[in-house]
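First the structure, in the form of structure tokens, and then the observations on it.
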Amino acid sequence: MKKRLATAALALIFALSMAGVGMAAKVNCTVKSVEGDTVTMTCEDAGKMKADDKVKVTTSKAGGVEGC
């Protein structure tokens, strides 16, 4: 009985925590210009975004990994 109660409680906590989480779309973009704090990019799947969306931008790191 205690296992069932613990399982149900964990399932409920997990379900409630996922309710407020938004799923991120992966979009590949190329920077076209930078003017001060304004960056202009061209993206492949721009239809997944809308005005005022918050985005996370990471830069691709140049250079290779050397091994033995």
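Summarising the hydrophobic clusters (Ile, Leu, Val, Met, Phe, Trp, Tyr; side-chain heavy atoms under 4.5 Å, direct or chained), the residues clustered with Leu10 are none. Grouping Ile, Leu, Val, Met, Phe, Trp and Tyr by side-chain contacts under 4.5 Å, direct or through others, puts Val39 with Val31, Val34, Met41.
Applying the side-chain hydrogen bond (donor to acceptor under 3.5 Å, both in side chains) test to Ser33 and every residue at least two apart in sequence or in another chain returns Thr40. Judged as a side-chain contact (heavy atoms from CB on, under 4.5 Å), and not counting sequence neighbours, Asp37 has no contacts.
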